[in-house]
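Working notes, beginning with the structure itself.
Below, all heavy atoms of this structure are taken into account, side chains as well, without hydrogens, waters or symmetry copies.
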Amino acid sequence: LLVRPSHSLIKQSMHADESKFIVNGDGFGMSWHVDFDPEPALFKTLRPAWNDPNLTDIACKTKTHCLNAHIRAATSGNVSFNNSHPFRFKQYSMMHNGSIQHFDTIKRHLQHQLTDTAYNWIGGQTDTEHFFAVLIDRLLQYENKSTDSQVMIQCLQDSIMHVNQLLEQQSITPHITLNTIITDGNFLVATRYASPEVDPPSLHYITGSGYECIEEQYHIHQRHSTPSMIIVASEILSEQGQTWVTVPPNHALQVNRGQTPTI
């Protein structure tokens with residue numbers, strides 16, 4: 001999925017088609033869920049995705065029912081392990097495409113309102129990790145309760161509203177793009193949010209009964225009426241003839257394991 005196809009994520013790190021950053025060489029990260037441990041595995045490298053033999057070897061020998069992978073073009077925060085995606089908190093894996101403009105103006109105010117748990121979780125400087133800390137505080141309210149995709153969507157909405165309010169309190173018109181993916185391995189929520197009059201980055205998905213790579217091309221199988229697989233991606237990966245769905249701006253994609261995804 002990551003290495004062999006002609007428009008794999010590694011190839012996109014050298015030449016992205018739908019991103020304003022053609023080259024995304026400021027690090028790579030992936031997380032994957034396993035059946036024997038609720039906490040996802042995590043691999044990050046500061047090397048460009050196209051130049052890490054460890055990544056190539058791990059990718060070719062890892063099997064999982066849920067994978068997150070991210071290539072980075074640094075905007076907020078330096079190139080470091082702590083600033084690379086995905087981010088992990090307990091059973092959750094999180095990654096982001098986009099930015100919170102004027103983040104430095106609200107950073108101290110945002111940190112001041114975090115719980116100790118969320119504040120101490122932050123290891124880097126990025127707007128992404130601080131946004132996820134806001135989200136974590138919302139999720140902690142459900143720590144002893146069952147958390148599902150609908151709860152996650154509500155927590156995301158509350159987190160976006162909180163960041164918008166912090167910017168407005170500083171007399172700043174929000175200019176935010178938040179393409180996020182959050183998953184616990186059993187459900188996944190992807191957002192495509194942008195402030196008014198701002199275009200969010202691209203976000204697409206495709207469902208099917210299986211996937212394989214044939215002659216460097218993605219092939220999505222459609223053998224059953226109920227999809228058993230979904231790929232969510234910033235860029236359309238396969239050639240013509242595959243039915244990708246574009247997530248509309250200011251919508252969320254809701255995926256529950258074994259169910260048809262909904263927007």
Report, one line per pair, each donor and acceptor closer than 3.5 Å where one atom sits in a side chain of residues 155-162; sequence neighbours left out.
unit_1: D158; atom_1: OD1; unit_2: Q154; atom_2: NE2; d: 3.0
unit_1: S159; atom_1: OG; unit_2: C155; atom_2: O; d: 2.8
unit_1: H162; atom_1: NE2; unit_2: Q113; atom_2: OE1; d: 3.4

F187 and M152 have their tightest heavy-atom pair at CE1-CB, 3.9 Å
State, yes or no, whether a side-chain contact exists between [X] and [Y] at a heavy-atom distance under 4.5 Å.
X    : Y    : result
I231 : I220 : yes
N164 : I176 : yes
T117 : F89  : yes

Mark yes or no for whether [X], through its side chain, and [Y], through its backbone, hold a donor-acceptor pair below 3.5 Å.
X    : Y    : result
N256 : Q259 : no
S31  : P40  : no
Y218 : L1   : yes

- request: Could you tell me how the ring of H96 sits relative to the ring of F132: parallel (under 30°), tilted (30 to 60°) or perpendicular (over 60°)?
  value: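 The rings of H96 and F132 stand perpendicular, inter-plane angle above 60°.
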Review point. Angle class for the W244/H204 ring planes (parallel below 30°, perpendicular above 60°, tilted otherwise)?
Key: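 Ring orientation of W244 relative to H204: perpendicular.
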- Query: Side chains of T105 and Q170: is there a donor and an acceptor less than 3.5 Å apart?
  - Reply: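 Distance-only check fails for T105 and Q170.
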- Query: Side-chain donor-acceptor pair under 3.5 Å between T180 and T191, yes or no?
  - Reply: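 Yes, because at least one side-chain N or O of T180 sits under 3.5 Å from a partner of the opposite role on T191.
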List the residues meeting side chain to side chain donor-acceptor pair (under 3.5 Å) with D137, not counting sequence neighbours, and say none if there are none.
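With sequence neighbours excluded, D137 shows a side chain to side chain donor-acceptor pair (under 3.5 Å) to T115, given in chain and number order.
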Sorted by chain and residue number, the ring pair (Phe, Tyr, Trp, His ring centres under 6.0 Å) partners of H130 (sequence neighbours excluded) come out as F103
